[in-house]
Asker: 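Structure below; questions to follow.
The structure presented is a predicted model; accordingly, all values stated were derived computationally and were not measured. Residue numbers count from 1 along this sequence.
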Amino acid sequence: MTEKQIKQIESQLPQGEKIDRMYTAFEGGIRVITKNTDGYEIRYNVSFDADGNASIKRF
């Protein structure tokens, strides 16, 4: 992913969540794991539109 796409993902996260890691899932696609202020992990699926812009959906 590009820096631009990572910044797009970060802008969609709730207040206080930070990206912990990203990986390519076995089923295909990209997953983003974040941690909230309490230290809990939240997982998101990443999708891309025709222009290459990234959006996330909670897993």
Side-chain angles (χ1 to χ4, degrees):
M1 287 196 312
T2 66
E3 269 308 304
K4 178 184 172 188
Q5 291 167 330
I6 293 170
K7 289 193 184 304
Q8 289 171 341
I9 290 169
E10 289 173 334
S11 72
Q12 296 173 53
L13 294 174
Q15 186 72 26
E17 276 188 36
K18 303 248 187 234
I19 293 176
D20 186 49
R21 60 192 180 277
M22 295 181 266
Y23 64 92
T24 303
F26 178 74
E27 303 84 8
I30 296 175
R31 298 255 166 71
V32 174
I33 311 300
T34 64
K35 286 195 177 180
N36 64 14
T37 54
D38 295 326
Y40 293 105
E41 290 186 348
I42 298 101
R43 298 174 186 273
Y44 296 94
N45 285 325
V46 179
S47 59
F48 301 97
D49 66 13
D51 295 325
N53 296 311
S55 62
I56 56 173
K57 182 178 179 186
R58 195 165 176 157
F59 187 69

Asker: Mind checking what makes side-chain hydrogen bond (donor to acceptor under 3.5 Å, both in side chains) contact with Asn53, not counting sequence neighbours?
Answerer: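 Partners of Asn53 under the side-chain hydrogen bond (donor to acceptor under 3.5 Å, both in side chains) test: Gln8, Asp49.
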Asker: Scan residues 5-23 for pairs that pass salt bridge (charged side-chain N to carboxylate O under 4.0 Å, His left out), counting only residues two or more places apart or in two chains.
Answerer: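 The answer is Arg21-Glu41.
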Asker: Tell me the closest heavy-atom pair linking Thr34 and Ile19, and the distance in Å.
Answerer: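 What the structure gives for the nearest pair is CG2-CA, 4.1 Å.
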Asker: Are Leu13 and Met1 in one and the same hydrophobic cluster, where Ile, Leu, Val, Met, Phe, Trp and Tyr link if side-chain heavy atoms are under 4.5 Å apart?
Answerer: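 Shared cluster, yes.
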Asker: Does the Asn36 side chain pair with the main chain of Asp38, one donor and one acceptor, at a distance under 3.5 Å?
Answerer: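 Yes; judged by distance alone, with no hydrogens or angles, the pair exists.
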Asker: Between Ser47 and Lys57, is the side chain to side chain contact (heavy atoms under 4.5 Å, CB included) condition met? List the steps.
Answerer: CA-CA 8 Å; Ser47 59; Lys57 182 178 179 186; over 6 Å; no
Asker: Please report, to 0.1 Å, the donor-acceptor pairs under 3.5 Å made by any side chain of residues 23-33, with sequence neighbours excluded.
Answerer:
{"residue": "Glu27", "atom": "OE1", "partner": "Arg31", "partner atom": "NH2", "Å": "3.4"}
{"residue": "Arg31", "atom": "NE", "partner": "Asn45", "partner atom": "OD1", "Å": "2.5"}

Asker: Kindly work out whether a path of hydrophobic side-chain contacts (I/L/V/M/F/W/Y, heavy atoms less than 4.5 Å apart) joins Phe48 to Ile6.
Answerer: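 Linked, Phe48 and Ile6 end up in one cluster.
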